[in-house]
Amino acid sequence: MEWEPTQEDRYEYVDGEVFAMTGGSKPHNRIALNLATALDGYLQDKGCELYMADVKVQASPTSAYHYPDLVVTCDRRDQNSNQFVQYPCLIIEVLSPSTEAYDWGSKFARYRKLETLQEYVLIESTAINVECFRRNAEGFWVLHPYEAGDTTTLKSIGFSLAIDTLYRQVRLDETAIASDGEAVN
């Protein structure tokens with residue numbers, strides 16, 4: 001925790017090891033920006049805080065810190081730290097081909113242990129696809145998939161957003177999504 005702020009790059013800490021974080025693509029960045037912009041305005045007066053990319057989530061008290069693309073906390077206990085979030089209700093990862101398996105696998109396994117986490121959202125950056133894992137009343141994680149033309153709902157914060165808005169101005173291969181949701185070349 002003391003060493004990382006002195007480094008130029010970001011590092012995740014997992015079970016005593018540090019791992020350098022890679023940079024994202026333009027689609028990755030644009031998707032995160034579109035969602036953060038919509039969420040920031042929505043959460044403004046709701047008593048929740050939204051953080052992007054450079055704020056760590058403490059996935060366990062001693063063994064793991066991760067940098068999700070977006071994290072929302074509505075827990076007052078998180079106001080006590082400027083270093084990291086410990087009590088998120090929503091974590092969102094925009095997937096990159098190089099980190100996709102990790103975000104789906106061991107990272108999600110650690111996040112699932114966070115008692116306050118209600119939703120984990122994975123957004124593809126190479127195709128239009130959103131997968132929201134939501135904890136149900138029994139504590140099981142249920143998948144809610146979304147695709148082009150759908151509206152995604154984040155029940156943890158009572159927020160909805162059209163998938164076309166999420167992918168606005170995102171260039172997927174040779175096709176871009178215009179501001180009106182139409183594909184253009």
Side-chain angles (χ1 to χ4, degrees), residues 1 4 10 12-14 21 24 27-61 64-96 99-100 102-125 128-137 139-146 150-168 170:
M1 292 294 288
E4 190 201 18
R10 293 181 303 144
E12 289 192 340
Y13 174 77
V14 180
M21 300 296 298
H28 181 282
N29 188 271
R30 187 69 209 188
I31 292 165
L33 179 62
N34 287 346
L35 185 53
T37 300
L39 282 173
D40 190 51
Y42 174 79
L43 292 172
Q44 184 175 354
D45 300 320
K46 302 233 181 299
C48 298
E49 298 174 342
L50 167 69
Y51 297 102
M52 285 186 67
D54 291 330
V55 173
K56 293 183 276 291
V57 168
Q58 185 178 18
S60 73
Y65 292 89
H66 297 291
Y67 285 99
D69 289 298
L70 297 160
V71 60
V72 175
T73 178
C74 300
D75 195 304
R76 291 175 119 16
R77 295 174 290 180
D78 276 324
Q79 295 175 356
N80 297 327
S81 172
N82 283 332
Q83 298 297 319
F84 47 81
V85 170
Q86 293 178 291
Y87 308 100
C89 61
L90 171 63
I91 294 176
I92 300 166
E93 295 284 2
V94 179
L95 301 174
S96 299
T99 62
E100 184 173 350
Y102 179 60
D103 289 341
W104 269 92
S106 56
K107 187 185 282 190
F108 185 29
R110 281 190 279 287
Y111 283 156
R112 285 192 306 259
K113 294 177 184 176
L114 294 166
E115 291 181 15
T116 58
L117 186 63
Q118 298 169 39
E119 288 175 304
Y120 182 57
V121 180
L122 298 165
I123 304 170
E124 287 193 37
S125 64
I128 298 175
N129 186 48
V130 176
E131 298 195 334
C132 175
F133 290 89
R134 187 172 300 130
R135 193 186 311 248
N136 68 14
F140 295 107
W141 290 90
V142 179
L143 171 62
H144 300 270
Y146 300 96
D150 291 344
T151 296
T152 184
T153 300
L154 303 175
K155 289 191 175 185
S156 60
I157 56 172
F159 176 78
S160 294
L161 182 71
I163 295 298
D164 295 338
T165 301
L166 178 63
Y167 283 89
R168 183 182 61 81
V170 173

Trainee: Does any non-hydrogen side-chain atom of I92 lie less than 4.5 Å from one of P68?
Mentor: no
Trainee: So which atom in T116 and which in P88 form the shortest heavy-atom distance, rounded to 0.1 Å?
Mentor: OG1-O, 2.7 Å
Trainee: I want to check something: taking the side chain as every heavy atom from C-beta on, are V170 and N34 in contact at a cut-off of under 4.5 Å?
Mentor: yes
Trainee: Using every non-hydrogen atom in the two residues, find where W141 and Q118 come nearest and quote the distance to one decimal.
Mentor: CZ3-O, 3.6 Å
Trainee: Keeping D78 on the side-chain end and V85 on the backbone end, is there a donor-acceptor pair under 3.5 Å?
Mentor: no
Trainee: Please round to the nearest 0.5 Å and tell me the distance separating atom OG1 of T152 and atom OH of Y146.
Mentor: 4.5 Å
Trainee: Could you pull out all residues at least two apart from E124 that satisfy side-chain contact (heavy atoms from CB on, under 4.5 Å)?
Mentor: L95, T126, A127, N129, Y167
Trainee: Counting C-beta onward and ignoring hydrogens, is there a side-chain heavy-atom pair between H28 and D69 closer than 4.5 Å?
Mentor: yes
Trainee: Are C48 and C89 close enough that their SG atoms are less than 2.5 Å apart?
Mentor: no
Trainee: Out of curiosity, R168 CZ to L166 CG, how far, rounded to the nearest 0.5 Å?
Mentor: 10.5 Å
Trainee: Hey, does L114 have a side-chain heavy atom less than 4.5 Å from the side chain of Y120?
Mentor: no
Trainee: I need the L33 CG to T37 OG1 distance, nearest 0.5 Å.
Mentor: 4.0 Å
Trainee: As an exercise, state the distance from CD1 of I91 to CG of L117, rounded to the nearest 0.5 Å.
Mentor: 4.5 Å
Trainee: Any donor and acceptor pair, going by atom type alone, linking the side chain of T73 with main-chain N or O of Y87 inside 3.5 Å?
Mentor: yes
Trainee: Minimum heavy-atom separation for S96 and S125, please, with both atom names.
Mentor: CA-OG, 4.2 Å
Trainee: Hey, which of R134, K155, E131 is the one that makes side-chain hydrogen bond (donor to acceptor under 3.5 Å, both in side chains) with H144?
Mentor: R134
Trainee: Could you label the plane-to-plane angle of the F108 and F133 rings as parallel, tilted or perpendicular, counting under 30° as parallel and over 60° as perpendicular?
Mentor: tilted
Trainee: Can you name the closest pair of heavy atoms from M52 and A36 and give their distance?
Mentor: SD-CB, 3.4 Å
Trainee: In Å, rounded to the nearest 0.5 Å, how long is the span from NE2 of H66 to NZ of K56?
Mentor: 12.5 Å
Trainee: For Q79, check side-chain contact (heavy atoms from CB on, under 4.5 Å) against everything at least two apart and list the hits.
Mentor: E49, R76
Trainee: About how many Å separate CG of D150 and OG of S160, when rounded to the nearest 0.5 Å?
Mentor: 11.5 Å
Trainee: Does the structure place the NZ or CZ of K107 under 6.0 Å from the centre of the six-membered ring of Y111, at an angle of no more than 45° from the ring's axis?
Mentor: no
Trainee: Identify the heavy atoms of A38 and F159 that sit nearest to each other, and give their distance.
Mentor: CB-CZ, 3.8 Å
Trainee: Which pair of heavy atoms, one from C74 and one from I157, lies closest together, and at what distance?
Mentor: SG-CG2, 4.3 Å
Trainee: With no hydrogens and no angle check, is any side-chain donor or acceptor of Y51 less than 3.5 Å from a backbone partner on F84?
Mentor: no
